[in-house]
Engineer: 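Please find one structure pasted underneath; my questions will follow.
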Protein chains: 2
Amino acid sequence: MTLSDVANRAGTSVATASKALNSRAEVAPETRERVLRAAAELSFQPNVLARGLISGRTRTVGLLTDELGGRFAIPILLGAENALGNGQMSVLLCDARGDAIRRQHYIRTLLARQVDGFIVVGDSNDVRPSLTQDIPVPVVYAYAESTDPNDLSIVADDEGGARLAAEHLVSHGRRRIGHITGPDTYRAARDRAAGLRTVLAEAGLTPAGDPLYGEWSQRWGRHAARLLLAARPDVDAIFCGNDQVAAGAADTLRDLGRRIPDDVAIVGYDNWEFFAADCRPPLTTVDLNLEQLGAAAVNHLFAAMDGNAGSGVIRQPGRLVVRESTGPVLHH
Amino acid sequence: MTLSDVANRAGTSVATASKALNSRAEVAPETRERVLRAAAELSFQPNVLARGLISGRTRTVGLLTDELGGRFAIPILLGAENALGNGQMSVLLCDARGDAIRRQHYIRTLLARQVDGFIVVGDSNDVRPSLTQDIPVPVVYAYAESTDPNDLSIVADDEGGARLAAEHLVSHGRRRIGHITGPDTYRAARDRAAGLRTVLAEAGLTPAGDPLYGEWSQRWGRHAARLLLAARPDVDAIFCGNDQVAAGAADTLRDLGRRIPDDVAIVGYDNWEFFAADCRPPLTTVDLNLEQLGAAAVNHLFAAMDGNAGSGVIRQPGRLVVRESTGPVLHH
DNA sequence: GTCCTCTCCGAAAACCGTTTCAAAGCGGGG
DNA sequence: CCCCGCTTTGAAACGGTTTTCGGAGAGGAC
């Protein structure tokens, strides 16, 4: 991408190419055109180092994630990459795989490459140690909340999402609503349970038993649904902590002859299409809007790079996706 | 972030700072310490351009994908990122979302950033147009086969993987083996069917009906299994084109009272843990070894960057993952 | 043919950040 | 006081790219 490459491609000398690109006189229009075209084709950019302009934004941001294999980082990454592309920026991707040493190594690597900013993508929407003191460029935390309140964190609003789901169930006439979810070590699980609890309290309802905390698997969903039905045979809705659990619960309900949604409605969480849309019946669920979350992270990073750094925690609202598992509206 | 900044901050001269950072002698321990601290504080990184290393190596490769949202690109990316990290390189990620204009834009962007090479990650292990003529640096195609035989493509060996699955079923005494898979527009579906056909022919068996081509969904797996059982009530094994289809087929078998694996064995494909391991029963399936595929792509890219460019198609073998859906060995 | 203008080129110069080199400071011991 | 080793430094060297400058061709007008 050096000037001589451009000159070479344009079939001209370096000197002429330089003049053409700097809009100086003494270069024939046809030649200038040729040089400009060659420069465009090679997406040539004058080497800033040679001039005085070193304050060179590399227009690259580092994206540091911990669980790229999981299913949350990807939509965030897609949203971020899209937003960055609109700003003509690129993303350098690093997956620390949850290892602190690896993470420090990647931070150094990215800094060596002079990224203009960092997006730290969490894996569980939970609190995580701030990395900002190690990083002299702007940082935004996405799907994670930094321990340092001066950092800017953008998290999914689990409590709000759960409220959407619970309100949907309540407004459809469900009155005895159980909750099956993942490990209570996950803040997401606790927040979702809290959202449900709040809505039920507001509606004057009592939960059908305590939330069943277990794991984020279909297997647990199947097992817990049996437990729930045994303890509370009259439940008319189950709000599940994610779609896998919901798919498992739906399995058990069918095995036990309960009709969905006629006898029992089910709501999942995450809107993981492979499970939610292909379930029997397709699941009503809450979409985390992770792509918007990623895009929001980028926009806040841009603002920080322009000197308008924010701080605190921003909650990205979810979105209820209604499918057949909650059935038509019930009047009561 | 220049050396003089560091020297300034350390209260020393540029020359001394240089020696301190390069671990040369003739610098007092106390001074060296001061310089190192200043460098760390400024996260200084020597400007590579000034050394002899300029020969264009930015130690960055561009990874161009089409369907990051799909589940195949990610493991490849992880494998590649891991292999690159070992070589102290980084990956610039771009997702063209299947759009040709977007793809060209990203190619230009990545070239402008002087990536040392490209990895083009496909979304379906199928043939795709070569991009090499647009790219003046080495290119390796992963999970895709370039139309240009002079390019180097690394694909998953679908036929070989299907043979592993089929041989497993045959060696466990299954004799009436049906096949349910995705659309026959997918080469993966056709290759997997071909692998099964070959093994059955070698074993002197006839397939239980023609392969049922449909879609890659659980829903189709459920539906097709009903069709298969109606047409061939005596099938004792179903090889499914992927794990979702297999999970759907397992659903139907349970609904119809067939025991898995006692009456009918099931084998999936892809080893998508969420479906395969959490199925009832857990699925025997074929793992594509996508991480190795990504790592292999990187290694071939390194070779190409060193001037040893390869060409042709390399088939990355799969790996059989045995779970309960094919049961214990049957003696016959 | 000669002159003039316009265009382009090769070589040299300028710029930048880093490294190297030779010389200068500095303190202590003889 | 002088010598000597250690440390530091300013200036020059280096490798890289871009810009500048004088000159060389080409083509037309007279």
Side-chain angles (χ1 to χ4, degrees), chain A residues 1-60 108-109 111-116 136-137, chain B residues 1-60 88 111-116 136-137 305:
Chain A
M1 52 41 186
T2 148
L3 184 56
S4 38
D5 293 338
V6 176
N8 223 330
R9 187 180 183 94
T12 173
S13 79
V14 183
T16 308
S18 170
K19 284 184 210 149
L21 288 174
N22 291 8
S23 307
R24 301 179 73 86
E26 310 157 352
V27 49
E30 195 272 342
T31 309
R32 162 167 294 139
E33 170 59 28
R34 208 148 28 101
V35 171
L36 290 179
R37 186 147 27 87
E41 283 166 10
L42 296 172
S43 39
F44 164 81
Q45 247 156 308
N47 182 348
V48 249
L49 272 185
R51 303 301 319 253
L53 322 167
I54 315 209
S55 63
R57 294 291 171 83
T58 57
R59 310 209 306 181
T60 309
R108 269 198 295 277
T109 302
L111 287 176
R113 293 182 183 279
Q114 320 226 59
V115 295
D116 296 333
V137 293
Chain B
M1 61 330 210
T2 146
L3 183 57
S4 38
D5 293 338
V6 176
N8 223 331
R9 186 180 185 95
T12 173
S13 78
V14 184
T16 308
S18 170
K19 284 186 209 143
L21 288 176
N22 293 4
S23 307
R24 300 181 71 87
E26 310 153 353
V27 50
E30 196 273 339
T31 309
R32 160 167 295 139
E33 172 59 29
R34 209 149 26 100
V35 171
L36 290 179
R37 187 145 27 85
E41 283 164 11
L42 297 172
S43 49
F44 164 82
Q45 208 69 26
N47 183 347
V48 216
L49 274 183
R51 295 303 313 267
L53 319 166
I54 314 216
S55 55
R57 292 299 167 83
T58 56
R59 310 209 308 181
T60 309
Q88 305 274 313
L111 287 177
R113 293 181 183 280
Q114 316 208 65
V115 296
D116 295 334
V137 294
M305 281 163 19

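Just so we're clear, the structure is a prediction, and the values are computed from it rather than from any experiment. Residue numbers start from 1 in every chain, and the chains themselves are labelled A, B, ... in the order their sequence lines are given, proteins ahead of strands.
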Engineer: Roughly how far apart are B:Arg24 CZ and B:Lys19 NZ, rounded to 0.5 Å?
Structural biologist: 8.0 Å
Engineer: Short of 4.0 Å, heavy atom to strand atom, which residues of residues 25-34 of chain B count as contacting DNA chain D?
Structural biologist: B:Glu26, B:Val27, B:Ala28, B:Thr31
Engineer: Output all residues satisfying salt bridge (Lys or Arg N to Asp or Glu O under 4.0 Å) with B:Arg37, sequence neighbours left out; order by chain, then residue number.
Structural biologist: B:Glu33
Engineer: Output the rounded distance in Å from CZ (B:Arg24) to C1' (C:dT20).
Structural biologist: 8 Å
Engineer: Measure from CG on B:Leu21 to P on D:dT8 and round the result to the nearest Å.
Structural biologist: 14 Å
Engineer: Does D:dT19 have OP1 or OP2 sitting under 4.0 Å from an N or O in the side chain of A:Asn22?
Structural biologist: yes
Engineer: Does A:Arg34 have any salt bridge (Lys or Arg N to Asp or Glu O under 4.0 Å) partners at least two apart in sequence or in another chain, and if so, which?
Structural biologist: A:Glu30
Engineer: With the threshold set at under 4.0 Å for non-hydrogen atoms, list the residues of residues 12-20 of chain A touching DNA chain C in residue-number order.
Structural biologist: A:Thr12, A:Ser13, A:Ala15, A:Thr16, A:Lys19
Engineer: Keeping to residues at least two apart or across chains, list the salt bridge (Lys or Arg N to Asp or Glu O under 4.0 Å) pairs with something in residues 5-16 of chain B.
Structural biologist: B:Arg9-B:Glu41
Engineer: Test of understanding: with side-chain hydrogen bond (donor to acceptor under 3.5 Å, both in side chains), list the residues that count as partners of A:Ser18, not counting sequence neighbours.
Structural biologist: none
Engineer: Can you check the B:Leu3 CG to D:dA13 P distance for me, whole Å?
Structural biologist: 20 Å
Engineer: Go through the steps to decide whether B:Asp116 and B:Thr60 satisfy the test side chain to side chain contact (heavy atoms under 4.5 Å, CB included), and finish with yes or no.
Structural biologist: CA-CA 6 Å; B:Asp116 295 334; B:Thr60 309; 5.6 Å; no
Engineer: Please enumerate all residues that pass side chain to side chain contact (heavy atoms under 4.5 Å, CB included) together with B:Val14, with sequence neighbours excluded.
Structural biologist: B:Leu3, B:Ser4, B:Ala7
Engineer: A:Val137: which residues meet the side chain to side chain contact (heavy atoms under 4.5 Å, CB included) condition with it, sequence neighbours left out?
Structural biologist: A:Leu111, A:Phe118, A:Ile135
